[in-house]
There are 2 protein chains.
Amino acid sequence: MESALHRFKAEFFKALGHPVRLAILDALREGEKSVGRLAEELGLEQPSVSQQLGILRQRGFVEARKEGTSVHYRAADPDVYTFLDLGRAIFERQLKTQSDLLSELQETSSPS
Amino acid sequence: MESALHRFKAEFFKALGHPVRLAILDALREGEKSVGRLAEELGLEQPSVSQQLGILRQRGFVEARKEGTSVHYRAADPDVYTFLDLGRAIFERQLKTQSDLLSELQETSSPS
DNA sequence: CCCAAACATTCATATATTGCAATATACCAT
DNA sequence: ATGGTATATTGCAATATATGAATGTTTGGG
């Protein structure tokens with residue numbers, strides 16, 4: 001018996017568990033951008049960006065606005081950046097802990 | 001060229017993108033618990049819990065303390081709960097938006 | 001030393017994601 | 001209509017992740 005809530009929340013986190021999707025969200029901090037511009041800034045092919053945007057859109061992380069032939073995307077909820085930044089802080093603490101452990105292991109030249 | 005930072009951060013989110021791992025973290029809000037107790041509370045097999053704990057440990061989300069034959073786990077950084085709760089708020093807003101969209105679609109009985 | 005309890009790891013298989021290339025669609029101008 | 005530009009979708013092989021059963025390992029008791 002594994003709560004449905006946890007399954008949904010897992011989907012939420014999974015949506016953020018991809019480097020390109022994180023890069024897209026970061027690029028959208030500066031405001032609305034077209035697919036082409038995102039592709040250019042991130043140095044990726046248009047179809048890749050479009051595909052990841054599709055996933056972010058499905059999950060409600062971004063919203064699209066059509067203008068002529070191009071589509072402009074923006075973050076759906078600015079609070080997601082507060083969230084990402086908090087994640088970053090925790091993430092960096094984890095990195096530090098891990099590198100501390102690493103150097104601790106290296107101090108003893110003869111591991112166990 | 002896709003930043004290494006985004007790759008690492010994606011790993012961070014991926015670690016949280018699993019229902020059992022989220023359930024484990026939630027269960028540890030109440031404090032340290034043994035593997036067996038977690039398995040019992042969550043209604044899962046011990047190996048499954050142990051495996052997911054292993055992943056959470058690798059990524060630095062939990063820490064273990066050995067006591068006799070059993071191992072007690074706790075959250076490595078209490079701030080992760082602030083983070084999860086903020087995620088929950090955003091996640092719920094997304095759900096609401098999506099259900100709004102859904103009912104909007106259903107108002108028109110003849111979908112385009 | 002031998003057994004049992006509590007965890008951890010391994011392995012095989014099923015399932016899901018990714019990355020990429022090709023193709024399709026929408027829109028605008030001529 | 002035709003062509004060009006901007007986005008979206010699809011198909012598929014490669015890879016990664018999940019699931020569940022079996023097996024290892026460590027610890028403490030007798």
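To find a chain, count down the sequence lines: A is the first, B the second, and so on, and within it residues start at 1.
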Problem - Pair B:Lys96 + B:Glu92: basic N to acidic O under 4.0 Å - result: no
Practice task
Tell me, please, which residues at least two apart from B:Ala10 pass side-chain contact (heavy atoms from CB on, under 4.5 Å).
Solution key: A:Pro19, A:Leu22
Problem - Set of residues satisfying side-chain contact (heavy atoms from CB on, under 4.5 Å) with respect to A:Ala75, sequence neighbours excluded - result: A:Tyr81
Practice task
Starting at atom CG of B:Leu56, determine the distance to atom P of C:dA8, rounded to an integer number of angstrom.
Solution key: 12 Å
Problem - ring-ring contact (aromatic ring centres under 6.0 Å, His included) against B:Phe91, all qualifying residues, sequence neighbours excluded - result: A:Phe12
Practice task
Determine: side-chain N/O of B:Lys14 to OP1/OP2 of D:dT17, distance under 4.0 Å, yes or no.
Solution key: yes
Practice task
For A:Glu67 and C:dC27, give me the distance from atom CD to atom C1', rounded to whole Å.
Solution key: 12 Å
Practice task
Please state whether the phosphate of D:dA16, meaning OP1 or OP2, lies under 4.0 angstrom from any side-chain nitrogen or oxygen of B:His18.
Solution key: no
Completion exercise
Between CZ of A:Arg7 and P of D:dA18 the distance, given in whole Å, is 15 Å
Handout entry: Whole angstrom value for the distance that separates P of D:dT17 from CZ of B:Arg21
Key = 9 Å
Handout entry: side chain to side chain contact (heavy atoms under 4.5 Å, CB included) between B:Leu28 and B:Leu38, intermediate numbers included
Key = CA-CA 9 Å; B:Leu28 291 179; B:Leu38 283 170; 4.1 Å; yes
Completion exercise
In whole angstroms, the gap separating C1' of C:dA8 from CD of B:Gln52 amounts to 13 Å
Exercise for the section: Name all residues meeting the ring-ring contact (aromatic ring centres under 6.0 Å, His included) criterion together with B:Tyr73; count only those two or more places apart in sequence or in a different chain, and write none if there are none. Expected result: none
Exercise for the section: Mind calculating the distance between CD (B:Glu11) and C1' (D:dA16) to the nearest angstrom? Expected result: 11 Å
Problem - With sequence neighbours excluded, residues passing side-chain contact (heavy atoms from CB on, under 4.5 Å) with B:Glu32 - result: B:Arg65, B:His72, B:Arg74
Handout entry: Pairs involving residues 20-31 of chain B, ordered by first then second residue, that meet side-chain hydrogen bond (donor to acceptor under 3.5 Å, both in side chains) (sequence neighbours left out)
Key = A:His6-B:Asp26, B:Arg21-B:Gln52, B:Asp26-B:Arg29, B:Arg29-B:Asp85, B:Glu30-B:Lys33
Practice task
To the nearest 10°, let me know how far the axis at one end of the helix from C:dC1-D:dG30 to C:dT30-D:dA1 is tilted from the axis at the other, five pairs an end.
Solution key: 10°
Practice task
Enumerate the residue pairs fulfilling salt bridge (charged side-chain N to carboxylate O under 4.0 Å, His left out) with a member in residues 45-62 of chain B, sequence neighbours excluded, ordered by first and then second residue.
Solution key: B:Glu11-B:Arg59
Practice task
Heavy atoms under 4.0 Å is the rule here; annotate nucleotides 5-12 of chain D 5' to 3' with B where the base is hit, S where only the sugar-phosphate is, and - elsewhere.
Solution key: BSBBB---
Practice task
Taking only the side-chain nitrogens and oxygens of B:Lys66, find out if one of them lies under 4.0 Å from OP1 or OP2 of D:dT26.
Solution key: no
Completion exercise
Between CD1 of B:Ile55 and P of D:dT17 the distance, given in whole Å, is 9 Å
Practice task
May I have the distance from B:Glu63 (atom CD) to C:dC7 (atom P), rounded to whole angstrom?
Solution key: 18 Å
